[in-house]
Amino acid sequence: MFSAFSALRNPAVLRQDVLASLVVFLVALPLCVGVAVASGVPAELGLITGIVGGLVVGFMPGSAMQVSGPAAGLTVLVYEAVREFGLGMLGAIVLATGALQILLGLLRFGRWFRAISVAVVQGMLAGIGLVLVFGQLYTMAEAKQPRSGLDKIVGIPELAADIATTRTALTAFAVGLGTIVVLVAWKRLPAKVRLVPAPLAAVALATAVTAVGGLDVAHVKVQGLFDAIQPPAMNDLTSLGGVAILGTVLAFTLIASAESLFSAAAVDRMHDGPRTHYDKELVAQGVGNTVCGALGALPMTAVIVRSSANVQAGARTELSRILHGLWILLFTVLLPAAIGIIPLAALAGVLVHAGCKLIPAKEIVPLWREHRGEAVILAITAVAIVTTSMFEGVVLGLVLAVVKSAWETSHVHVDTRELTGGRTVVTLTGNATFLRLPRILDALEALPKDRPIELDLSSVRHLDHACRAALENWAARHNDAGTEPVRMSLEHVGS
């Protein structure tokens, strides 16, 4: 694998990286605009994040082939944050997220993000995908989205009725639906046709159809790249101490970092070059988000769609992702009017398709067969995100994953042996924790109270405080008066 600077000295590598950068640019452009619109912010803020992902993060070490920018996975959380705290506060939240990511990377926490339960991450993405799909269905019909994820689902029948009875809604929805059809069918077309990225082709066709047909549909509103830059004000920065805002910052940090590092792991499997340095990649993402926050733009993550397009296009060095940011900058500055002719319904269709791809439908059945508990965590996390919020859903999923892991590792075996002379020996092996306490006490309380009992805990690897206290209380009270008290053997017990 060559470095970006060595590519400048090698014509073959330079040519390959330039071509790959153009492919990534064509994939990134509609996604940058679409994610921004779906997040409830000006389209330019998504483009700024894409530019920073190329021209800032592109130069930094971490994952050489990974491409960063605004991601569909954060759309719902950004939308909720803007609705609750206002657009001016978004920059401060993203800035704090970036600073926290840098700190975590410097403290070498990057590798630990790989320890997050896969079921929680898949459930998070599934929940985001569901909220994104149902929310963008309203945008496809040029209707106002309900506030909560649950309301979005409940309102679908009414939305369907509006589409069927209102010509404007039907026209816009047809444009969005046509965009989805192109995206789905594109992979079945000849290889030469598929040289054009599917999102670009779908949006371009939808734009051409609406222009030629003179269709009355809403278009993206463009104000100008530099006019959209709004650094956070001092009162926004001082408001970061609020509990609700800190919770949002933590949610941004967790989701953006996990998505970036999981994407890095996936990208590493696509090429034979140097592997990702997770701590450095986390710092790079933090620097990118700090810059985005200072500009008042959207948060960034590494995006698997762009990253895979980069690898598949034959990129050899970091130069391809750096140049893709340059192409976005030049296009936005020189041809801003071209963005203003894109139908909103077409971008909504792109995001509906992206949201569907976030839902791991093919993996749910095999997961249920092999790891039922993981499938339950996935489902509960997704449902919680849809019915409550992103942060609450992810926290619930993490708690469930920890509880499941604790339950599975706290195996304990109770063995009862009758010795000559009427003495009973009860031996516990494994991990005696409060999670298994009901089972242990049921077995002990079933023992006779009129004979000597010895409770042998010497083979217990771990005995927590709650379990120890409960066993000591049982031993003190179990035997009848006049019977030898229960003896407890605690030699070599773990704690």
Side-chain angles (χ1 to χ4, degrees), residues 71-77 80 111-137 148-154 156 184 250-251 253-270 301-305 308 351-412 430-431 433-436 438-439:
L74 283 172
T75 300
V76 176
L77 191 57
E80 292 177 355
R111 68 192 66 184
W112 289 102
F113 276 91
R114 291 182 290 173
I116 296 176
S117 168
V118 175
V120 175
V121 175
Q122 289 180 328
M124 172 192 75
L125 294 176
I128 293 169
L130 288 171
V131 175
L132 190 61
V133 168
F134 287 112
Q136 291 305 301
L137 288 176
S148 70
L150 189 59
D151 289 340
K152 289 180 174 67
I153 298 174
V154 172
I156 290 298
V184 173
L250 290 175
T253 303
L254 173 64
I255 295 169
S257 302
E259 187 169 342
S260 295
L261 298 182
F262 272 98
S263 172
V267 172
D268 278 351
R269 293 193 291 269
M270 297 179 185
T301 72
V303 186
I304 189 62
V305 176
S308 61
L351 289 171
V352 167
H353 183 258
C356 290
K357 292 173 69 175
L358 290 175
I359 303 171
K362 295 180 180 178
E363 300 175 23
I364 292 176
V365 173
L367 188 64
W368 176 259
R369 291 173 180 167
E370 299 175 11
H371 305 283
R372 193 157 294 184
E374 295 290 305
V376 171
I377 291 175
L378 187 157
I380 291 176
T381 303
V383 171
I385 289 174
V386 172
T387 55
T388 57
S389 69
M390 173 71 64
F391 182 70
E392 293 172 351
V394 171
V395 169
L396 176 60
L398 290 173
V399 170
L400 289 176
V402 171
V403 170
K404 174 181 174 292
S405 178
W407 177 262
E408 290 179 344
T409 56
S410 64
H411 291 297
V412 66
N431 298 306
T433 69
F434 72 96
L435 294 172
R436 300 291 181 172
R439 177 189 172 191

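Bear in mind the structure is a predicted one, so any value in this text is a computation, not a measurement.
Not counting sequence neighbours, the partners of A302 by the side chain to side chain contact (heavy atoms under 4.5 Å, CB included) test are Q66, S68, S260, S263, Q285. Applying the side chain to side chain contact (heavy atoms under 4.5 Å, CB included) criterion to V184, with sequence neighbours excluded, gives I180, H353. Considering only residues two or more places apart in sequence or on other chains, A71 meets the side chain to side chain contact (heavy atoms under 4.5 Å, CB included) condition with E259, T301, V303.
Looking at every heavy atom in both residues, L130 comes nearest to I359 through CD2-CD1, 3.6 Å. Of all heavy-atom pairs spanning G393 and A384, the tightest one is CA-CB, 3.7 Å. When all heavy atoms are compared, the tightest approach of T381 to G123 is CG2-C, 3.8 Å. Taking each heavy atom of V412 and R439 in turn, the nearest pair found is O-NH1, 2.9 Å.
The distance from the CG atom of D151 to the CD1 atom of I156 is 11.0 Å, given to the nearest 0.5 Å. The NZ atom of K152 sits 11.0 Å away from atom CG of L137, with the distance rounded to the nearest 0.5 Å.
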Kindly list each side-chain donor-acceptor pair under 3.5 angstrom involving residues 361-380, sequence neighbours excluded, with atom names and distances?
{"residue": "E363", "atom": "OE1", "partner": "Q122", "partner atom": "NE2", "Å": "2.4"}
{"residue": "E374", "atom": "OE2", "partner": "K404", "partner atom": "NZ", "Å": "2.9"}

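L396 has its side chain within reach of L400: a pair of non-hydrogen atoms, C-beta onward, lies under 4.5 Å apart.
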